[in-house]
Visitor: 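Pasting a structure here, questions to come.
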Amino acid sequence: MTTAQTQELDVQPTPLALLLLGREADPRSERGVECPGDLPSPSDPDLVERARAAKEKLGDKVFVLGHHYQRDEVIQFADVTGDSFKLARDAAARPEAEYIVFCGVHFMAESADILTSDDQKVVLPDLAAGCSMADMATAEQVAECWDVLTDAGIAEQVVPVSYMNSSADIKAFTGKHGGTICTSSNAKRALDWAFEQGEKVLFLPDQHLGRNTAVRDMGMSLDDCVVYNPHKPNGGLTAEQLRGAKMILWRGHCSVHGRFSLDSVNDVRERIPGVNVLVHPECRHEVVAAADYVGSTEYIIKTLEAAPAGSKWAIGTELNLVRRLANRFAPEGKEIVFLDKTVCFCSTMNRIDLPHLVWALESLAEGNLVNRIEVDKETEAFAKLALERMLALP
């Protein structure tokens, strides 16, 4: 359809369409916004030295966090590495650091801002480093879902449980409605707690982690789970389906872990006899069911650390981490491969590269605060309440 035809029909582009086209900016969105400033050239041979010099100049004023999925060129400058929640807690444990430079994605930096003091400033080197999964649940969509549950007469029975991989708005919604946050490590504990509070759970935003935890770890059936699609009227579900469900799963997923298939598992078993398949619980249910081991990023690392020399492993998680582990354990004779034949990095996580990190560190060293991630006080209060409920889990 031409522009002229569109104008004749009086069709107006939506804010989302404009955002995706790069014509609008939304600083609260995980989809990313422009990153101001002149970045150094990625081919600059002095980038490593520039990053080191800026970090040394800042000294104890800066604390650099590096998520496991970051590039090696960035990880080398991290003071600590870990998953999103571990890093947020590490930041909170360093009150003397004026600047927290979070080499991860937007929702992680938000969590760090929520858990650190008002005096600390959280910086994301590239504001366009978002999360496709977190984007799949907006505050407006979740509020509409709650209205649907209310109309079905079950809202009072439902306890929201939101994955750490969600925006501050969704965490705040969870806290306001009596729910808790979970990680891939403690999802079962969070669900056990939730079912002590109510009869049903609304699990946001990753349907696969919710389904895998409910069925694999808690003994529910697939029939106990329904998927709420925010793009369909009433989530594409009838009131009867909602009333009959124990787990109401949001229709969201990780674009990296969601690409692994049962064919990937079968293929690697044929190619590598005796291979152990180790996957993240964000993978599809059929992949998790076919795997030998399932667990969080930290679980994956610890499993490989404890693995015997000469063992063979196919890993279903982000490629930066898999490649780093393969190099780390190669001297011990452990063969580690990526589960899928087609390589796949997390595209948004990879937006944090050395030029962006150098620009952020040099700006801070010059006294210029850039790319600060700051959650408003009301959102922070309710989001922190949900996070504190998770911290109090047995």
Side-chain angles (χ1 to χ4, degrees), residues 19 22-82 84 87-88 90-91 94 96-113 116 119-132 134-135 167-168 318 320-321 324 345-375:
L19 188 63
R23 298 177 187 171
E24 294 289 341
D26 180 3
R28 292 173 66 89
S29 172
E30 292 285 338
R31 294 184 183 87
V33 296
E34 291 182 7
C35 184
D38 295 325
L39 297 178
S41 168
S43 61
D44 185 342
D46 298 324
L47 284 177
V48 170
E49 184 53 40
R50 287 173 63 178
R52 185 176 293 116
K55 194 165 184 282
E56 287 178 357
K57 182 177 180 180
L58 287 161
D60 292 339
K61 291 176 65 176
V62 70
F63 190 48
V64 180
L65 308 175
H67 190 274
H68 286 309
Y69 296 165
Q70 288 291 301
R71 306 162 180 253
D72 287 344
E73 67 188 59
V74 170
I75 283 291
Q76 66 180 313
F77 293 103
D79 293 302
V80 293
T81 59
S84 59
L87 292 177
D90 286 342
R94 290 290 294 265
E96 71 278 8
E98 182 179 351
Y99 304 116
I100 305 296
V101 176
F102 208 125
C103 297
V105 294
H106 195 274
F107 78 79
M108 300 178 186
E110 283 185 328
S111 297
D113 183 60
T116 52
D119 295 333
Q120 294 177 290
K121 302 169 184 66
V122 178
V123 170
L124 185 64
D126 186 353
L127 292 178
C131 172
S132 59
D135 268 342
S167 68
E318 206 274 341
N320 272 316
L321 175 60
R324 189 174 301 122
F345 294 100
C346 175
S347 59
T348 49
M349 191 76 74
N350 269 265
R351 294 193 70 100
I352 308 295
D353 56 12
L354 201 46
H356 282 88
L357 179 60
V358 168
W359 171 74
L361 290 174
E362 288 184 340
S363 297
L364 295 175
E366 293 167 1
N368 300 320
L369 177 60
V370 295
N371 287 11
R372 183 178 184 181
I373 302 299
E374 193 169 15
V375 179

Visitor: Which pair of heavy atoms, one from Leu361 and one from Val62, lies closest together, and at what distance?
Guide: CD2-CG2, 4.2 Å

Visitor: Mind listing the closest non-hydrogen atom pair of Val64 and Cys103 along with its distance?
Guide: CG1-SG, 4.0 Å

Visitor: With side chains defined as the heavy atoms from C-beta onward, is the minimum distance between Pro40 and Leu47 less than 4.5 Å?
Guide: yes

Visitor: Mind checking what makes salt bridge (charged side-chain N to carboxylate O under 4.0 Å, His left out) contact with Asp44, not counting sequence neighbours?
Guide: Arg50

Visitor: Can any side-chain N or O of Asp113 pair as donor or acceptor with the backbone N or O of Val375 at less than 3.5 Å?
Guide: yes

Visitor: Please evaluate residues Asn371 and Trp359 with respect to the criterion side-chain contact (heavy atoms from CB on, under 4.5 Å), reporting the C-alpha separation (whole Å), side-chain torsions for both, the decisive distance (0.1 Å), and the verdict.
Guide: CA-CA 11 Å; Asn371 287 11; Trp359 171 74; 3.5 Å; yes

Visitor: Ignoring hydrogens and angles, tell me if any N or O in the side chain of Arg71 forms a donor-acceptor pair with the backbone of Asn350 under 3.5 Å.
Guide: yes

Visitor: For Glu366 and Asn368, indicate whether the former's side chain and the latter's backbone hold a donor-acceptor pair under 3.5 Å.
Guide: no

Visitor: Taking atom CZ of Arg94 and atom CD1 of Ile100, what is their separation to the nearest 0.5 Å?
Guide: 8.0 Å

Visitor: Between Ala134 and Phe107, what is the shortest heavy-atom contact and its length?
Guide: CB-CD2, 4.4 Å

Visitor: Just how far is it from atom CG of Leu124 to atom CZ of Phe102, taken to the nearest 0.5 Å?
Guide: 9.0 Å

Visitor: Please report the closest heavy-atom contact between Pro355 and Pro42, naming both atoms and the distance.
Guide: CG-CA, 3.6 Å

Visitor: Not counting sequence neighbours, which residues clear ring pair (Phe, Tyr, Trp, His ring centres under 6.0 Å) with His68? List them please.
Guide: none

Visitor: If I compare all heavy atoms of Gly130 with all of Val105, which pair ends up nearest, and what's the gap?
Guide: O-CG1, 3.1 Å

Visitor: List the atom of Gly104, the atom of Ala129, and the distance in Å for their closest heavy-atom pair.
Guide: O-CB, 3.7 Å

Visitor: Given 3.5 Å as the limit, does a donor-acceptor pair link the side chain of Gln120 with the main chain of Ala112, or not?
Guide: no

Visitor: Let's go through Ile373 and Val123 carefully: what are the C-alpha distance in whole Å and the side-chain angles of both, what is the deciding distance for side-chain contact (heavy atoms from CB on, under 4.5 Å) to 0.1 Å, and is it a yes or a no?
Guide: CA-CA 6 Å; Ile373 302 299; Val123 170; over 6 Å; no

Visitor: Let me confirm one number: the CG-CD distance from Asp353 to Gln70, rounded to the nearest 0.5 Å.
Guide: 9.5 Å

Visitor: Mind running side-chain contact (heavy atoms from CB on, under 4.5 Å) on Val80 and Leu65 for me, showing each step along the way?
Guide: CA-CA 5 Å; Val80 293; Leu65 308 175; 3.3 Å; yes

Visitor: Enter the distance from Leu321:CG to Met349:CE here, rounded to the nearest 0.5 Å.
Guide: 10.5 Å

Visitor: Working to the nearest 0.5 angstrom, can you tell me the gap between Asp119 CG and Glu98 CD?
Guide: 8.5 Å

Visitor: What pairs of donor and acceptor atoms, side-chain ones from residues 51-60 against any protein atom, are under 3.5 angstrom apart with sequence neighbours left out?
Guide:
unit_1 : atom_1 : unit_2 : atom_2 : d
Arg52  : NH1    : Glu49  : OE1    : 3.2
Lys55  : NZ     : Asp79  : OD1    : 2.9

Visitor: Could you tell me the separation between the CD1 atom of Ile75 and the CD1 atom of Ile352, rounded to the nearest 0.5 Å?
Guide: 11.5 Å

Visitor: Would Phe77 and Val48 satisfy side-chain contact (heavy atoms from CB on, under 4.5 Å), going step by step from the backbone distance to the final call?
Guide: CA-CA 9 Å; Phe77 293 103; Val48 170; 3.9 Å; yes

